[in-house]
Amino acid sequence: MKGKLKYGLMLAGALAILAGDITIAAADGVLTIGRREDGTTMDPIKSAQNVDFWVFSNMYDVLVRVDKTGTKLEPGLAESWTVSDDQMTYTFKMRNAKFSDGSPITAGDAAWNLLRIRDHPESLWSDTYTVIKDAVATDDKTLVVTLNQPTAPFLTTLAMPGISILSKKAVEADEAGVSDHPVSSGAFVMKEWRRGDKVILEKNRSFWEAERVSLDGVQWISVPDDNTRVLKLQAGELDCGIFIPFSRIAELKQDGKLNVLLDPSTREDHLLINHEHPPLDKKEVRQALDYAIDEQAIVDTITFGVGTVANSYVPAGALYYHADNLKRPYDPAKAKEMLEAAGAAGMTLQYNVEAGNEVDEQIAVLIQQQAAQAGININIVKIDPAAGWDELVAGNYDISVNYWTNDIIDPDQKTTFVLGHDANMNYMTRYKNDEVKELVEKARIEFDPEKREQMYIDLQKMAKEDVNWIDLYYSPYRNACGKHVVEFYQNPLGRFFLEDTKKM
C-alpha cells in the first residue's frame, strides 16, 4: 500500500557522519539498510505508509502472520484459532510470549489493540475494523472476537502491520511517547530514532522466537537520493539498499561484491488522477488520457524490461486478479479526437513528481512527451519529498505517479481504499461511483469463492471503465546487498524477514 509518503527532513550533517556509524555497526552484527525516506511514527494505527509498516513488521508481532510466500496465513502471537459456523465469532489461543520490557503478552493486550484500532480518533484503519462488535479476553490466553456481520477477509486483516500488538499498559501510560520509546512484541526493539537520519533497532531478547534472530540489530538509514544510496552500497557504507533504480540493476548485477534481489511483489505503479479538477471530472477525458500514455514504452524505457504492463489495480498473481481486464492501446490520435469531443482539446495538466526519485522523474518526462502527441500539455512540478504526500491530500495536483503494495492477501483492503472508501478520498483521487462502492461492500461479505471472484472481476472492469486512475506497471522489489548478507528477503506483501537475515 501506500506509496508516496510524508516524511521528515534530513538532519543537518547526517550524511557526513553516516559512513562512520555504519563502519562501527558492521563490526558488531548490525545490519545497515539504506532507504529513501524516514518514517512518520512508531504507532501502527496512525500510519498507512510502507516506510513505517516495513519497520513495524520486525518491531511488533501480530496475532496472525502471512508466510514467506505471501499467500498463506500462519500463527503469530495467536498459536491457534477457531471460527464459529456462522462466521461471527473467532476464538484465539495466545502463545506464551513477552513484550520487550519482560511483561507477558496477554489476550487482554490483544483485545485492547483491536478495539483501539477500531475506536481511536487518530486511527487510519478504523473503517476496516468497524466490523468488530467486541473483543474480550475470557482469560489471559483466550481472546474472543465477535463481528457485526460475517466478513470474508477478517482473518487476513489481523496479519496487517497496522494491527500489531502493543503493550496496553505502556501505551496507556504514555501514548505520546510511543514513537520515542516503544515497547516491542517482535524481533527487534527501537533503541533510538534520529528523525530524518536513521532508526536504530536492537535485538529483542524477550521475543518468543529470539533464538531465530541472528542479527544484533538493524539500522534503517534515510538516503533520499537514489544514486547516492547506490554509491554508498557500492562503497560498503551500507549492507543493503532498497528501491534500487531500474537503470542501475544491470550494472549492480556485474558487481562481484553485491547480490541484486528482485523478489516477487504486489507492487503496482499507477498515475493518480484528481477527479475534482475539470476537465478530469469527465470520464471521457480520463479515458483519452489513458489512450495518450504508452505503458509498454514506460516498461521498456524506464524499467529496462524488469516491469510488466499493468491492466488492473489488482496485482498480477494476486487473489482474483483478472488477467483479461481491458488494456487501452497507445493511440494519441484517438485521444486527441476524444478530447475535442469532450471540449478539452489542448488541456493543460499539473504533474507532481517528488524531486530526487529517479524513476518517477523519468516517467514524468516520458508521459509528458507521449501526451504531447495528443495535444495535452503537461507541466511537471518537482515537489520536495517532505511535502509530496501533503500536496496529494490537499488536492494540489492533476496527475501524479504513486505506487501500492498489498498489506493483506485478500483484495478487499486495496479495493476498499481505492474504490469504496470515503475517508481517504479513494486514495486522494476523489473518485466517486456509488454502484462501485456498493459492490465493494457486497464483495466483502460474500463467502462463496466463485461469486466473490466474479464480484472482483466486475470491480476491475468498472474501475478500468471509469479510469479511477491509470494502471502503469507491475514490478518486483528492487533491493541489493553485499554478498556478506544472506537471507535478506521481502515477501510479496513487502514484509522483510529480518529475523532470518544473517551477516557472514
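Here the structure is a predicted model, which means the values were calculated and not measured.
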Practice problem: Work out which heavy atom in D61 is nearest to a heavy atom in S185; give both atom names and the distance. | Solution: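 Residues D61 and S185, closest heavy atoms: N-OG, 2.9 Å.
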Quiz item: How close do Y320 and P449 get, heavy atom to heavy atom, and via which atoms?
Solution: OH-O, 3.9 Å
Using a distance-only test with no angle check, is there a side-chain donor-acceptor pair under 3.5 angstrom linking [X] and [Y]?
X    : Y    : value
D466 : N433 : yes
N311 : K464 : no
D43  : T41  : no
H421 : Q413 : no

Hey, is the main chain of [Y] close enough, under 3.5 Å, to the side chain of [X] for a donor-acceptor pair?
X    : Y    : answer
Y60  : M42  : yes
D269 : L472 : no
R495 : S57  : yes
R452 : A443 : yes
S47  : P44  : no
R65  : L73  : no
T142 : T138 : no
K414 : Y313 : yes
E446 : D448 : yes
T130 : T128 : no

Practice problem: Using the six-membered ring wherever Trp is involved, compare the ring planes of W404 and Y427 and label them parallel, tilted or perpendicular (cut-offs 30° and 60°). | Solution: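 Judged by the thresholds at 30° and 60°, the geometry between W404 and Y427 is perpendicular.
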Practice problem: Classify the angle between the aromatic ring planes of Y403 and F243 as parallel (below 30°), tilted (30 to 60°) or perpendicular (above 60°). | Solution: perpendicular
4.5 Å side-chain heavy-atom contact, [X] and [Y]:
X    : Y    : answer
E37  : Q49  : no
V145 : I132 : yes
I378 : Y351 : yes
I45  : L124 : no

Within 45 degrees of the axis of the six-membered ring of [Y] and under 6.0 Å from its centre: does [X] put its NZ or CZ there?
X    : Y    : answer
R267 : Y474 : no
R95  : W208 : yes
K98  : F207 : no

Quiz item: Checking side-chain hydrogen bond (donor to acceptor under 3.5 Å, both in side chains) for the pair T146/T89: CA distance, chi angles, key distance, verdict?
Solution: CA-CA 5 Å; T146 54; T89 303; 6.0 Å; no
Quiz item: Between E361 and K382, is there a salt bridge with N-O shorter than 4.0 Å?
Solution: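 Answer for the salt bridge query: yes.
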Exercise. Could you tell me whether K168 and D109 have a side-chain N and a carboxylate O separated by less than 4.0 Å?
Key: no
Quiz item: Can you list the steps and then say if N426 with T429 is a side-chain hydrogen bond (donor to acceptor under 3.5 Å, both in side chains)?
Solution: CA-CA 6 Å; N426 276 333; T429 63; 5.3 Å; no
Self-check item: F496: which of Y477, W220, F53, F56 passes ring-ring contact (aromatic ring centres under 6.0 Å, His included)
Solution: W220
Quiz prompt | Derivation of the ring pair (Phe, Tyr, Trp, His ring centres under 6.0 Å) call for W389 and Y397 | solution = CA-CA 11 Å; W389 181 255; Y397 80 102; over 10 Å; no
